[in-house]
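Chain letters run A, B, ... following the sequence lines, proteins first and then strands; every chain starts at 1.
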There are 2 protein chains.
Amino acid sequence: MPRSVTGPEIERLIQLLAKLPGLGPRSARRAALHLIKKKDQLLVPLAEAMDVAVSSIMVCETCGNIDTTNPCTICADPRRDASTIVVVEDVADLWALERAGAINARYHVLGGALSPLDGIGPEELNINRLVGRVASGGVGEVILAVNATVEGQTTAHYIMDQLAGLGVKVSRLAHGVPVGGELDYLDEGTLSAAIRQRTKF
Amino acid sequence: MPRSVTGPEIERLIQLLAKLPGLGPRSARRAALHLIKKKDQLLVPLAEAMDVAVSSIMVCETCGNIDTTNPCTICADPRRDASTIVVVEDVADLWALERAGAINARYHVLGGALSPLDGIGPEELNINRLVGRVASGGVGEVILAVNATVEGQTTAHYIMDQLAGLGVKVSRLAHGVPVGGELDYLDEGTLSAAIRQRTKF
């Protein structure tokens, strides 16, 4: 146990910062010191922004997105194509698709993927509400934008079974060469998929 | 300009988190999402820890250390050897030496190193107060634990000049092979210094 260099207040700040993804114990100390040095420019505004976040953030009851309104900005936007629902595992995936401007549709956030080993079954995920949204009508297509992992694909198959008979088109993301990617560095599965799903030039 | 995915409250949180060292725009989004998901376990405590830090952190008027008391914990500790002052550029360096348990002495934080190109002269650094501490007596040795960079060494020479005639021993850190280091990966300057400053086995 190394000696405590600073007061307990700073130690606690460091410990909490170290729990953020991307920051370890060492970088958390650096971050804490940076915050303290830039007290007025960074520490005070960040503390305020966190207080605001604590009091204003909520989960959209329609799609599971995180926002400061319920229904969320996307669900409430009339310019969005409500007949298409993009199903994602996590809010981070929704943000990624939105940053890409990939599609102007609605979303549905599952909150994870099926993983029996981790004890995550269908009840742990936001699947029933998705089936309910589709069953209530007005949805023409469900795009399963889950990860290309075993868990993601298992989840996709499970959802496809649940949506069967509801008369909705179910699609999934294309596999292939990432834009800017070099063939030499890609795995065999991706290359085989890229050949199989080749498109007319 | 990509579409804003979330409300302005979350965007602001992401922007501020991205200003932390070690976090970029992408990892700041991930950190924000992590904070929001772990609202009660992480976001609320971190917001509180920051509020506490804002109101309690101060700079030690004796040595320039950052702490929640003034004089700081180290300057106020009677078990510390007050006759030895370790001069560091930054509070992070003080923390590093304390974590190592390298020495049980007092410190003096300069707040940087001399760098004419960046407009950092002696007045920008906490040097006058160091000279004052030494001149007021009771100090037997000043250890210049500055970085082994051009700026650090320039600063060391400047401080040595300022302390000349005050009857204090001035020393600096040893150069050599880092513990655990492999010779093959070390630069010529370090290797030459390690040979020159070799010690009896």
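Residue-environment remark: CZ (A/Arg133) exceeds the threshold of 12 foreign heavy atoms within 6.0 Å. Shown here is A/Glu188, whose CD atom has no more than 12 heavy atoms of other residues, nucleotides or ligands within 6.0 Å. Other residues, nucleotides and ligands place no more than 12 heavy atoms under 6.0 Å from the CD atom of A/Glu61.
Applying the salt bridge (charged side-chain N to carboxylate O under 4.0 Å, His left out) rule to B/Arg196 yields no partners; only residues at least two apart in sequence or on another chain are considered.
Per-residue counts of heavy-atom pairs under 4.5 Å with chain B were compared for A/Ser27, A/Gly24, A/Ala31; the largest is that of A/Ala31. The most heavy-atom pairs under 4.5 Å with chain B, out of A/Gly22, A/Pro21, A/Ala47, come from A/Pro21.
Atom-to-atom distance recorded for A/Met50:CE and B/Leu42:CG is 7.5 Å, nearest 0.5 angstrom. Here CZ of B/Arg12 is found 9.0 Å from CG of A/Leu46. Values are rounded to the nearest 0.5 Å. How far NZ of A/Lys38 is from CG of B/Leu20: 11.5 Å, rounded to the nearest 0.5 Å. Atoms CD1 and CD1, on B/Ile66 and A/Ile36 in that order, are 5.5 Å from each other to the nearest 0.5 Å.
At least one donor-acceptor pair under 3.5 Å links the side chain of B/Lys39 to the backbone N or O of A/Val54.
Residues A/Asp67 and B/Ile10 approach most closely at CA-CD1, 4.1 Å, considering heavy atoms. Nearest heavy-atom pair across A/His34 and B/Lys19 is NE2-O, 3.5 Å. The shortest heavy-atom contact between A/Ala53 and B/Leu13 is CB-CD2, 4.1 Å.
A donor atom on one side chain and an acceptor atom on the other are found under 3.5 Å apart for B/Glu9 and A/Thr68.
Taking a cutoff of 4.0 Å between a charged side-chain nitrogen and a carboxylate oxygen, B/Arg30 and A/Asp90 do not qualify as a salt bridge.
Looking at B/Val52, only its side chain comes within 4.5 Å of chain A, counting heavy atoms on both sides.
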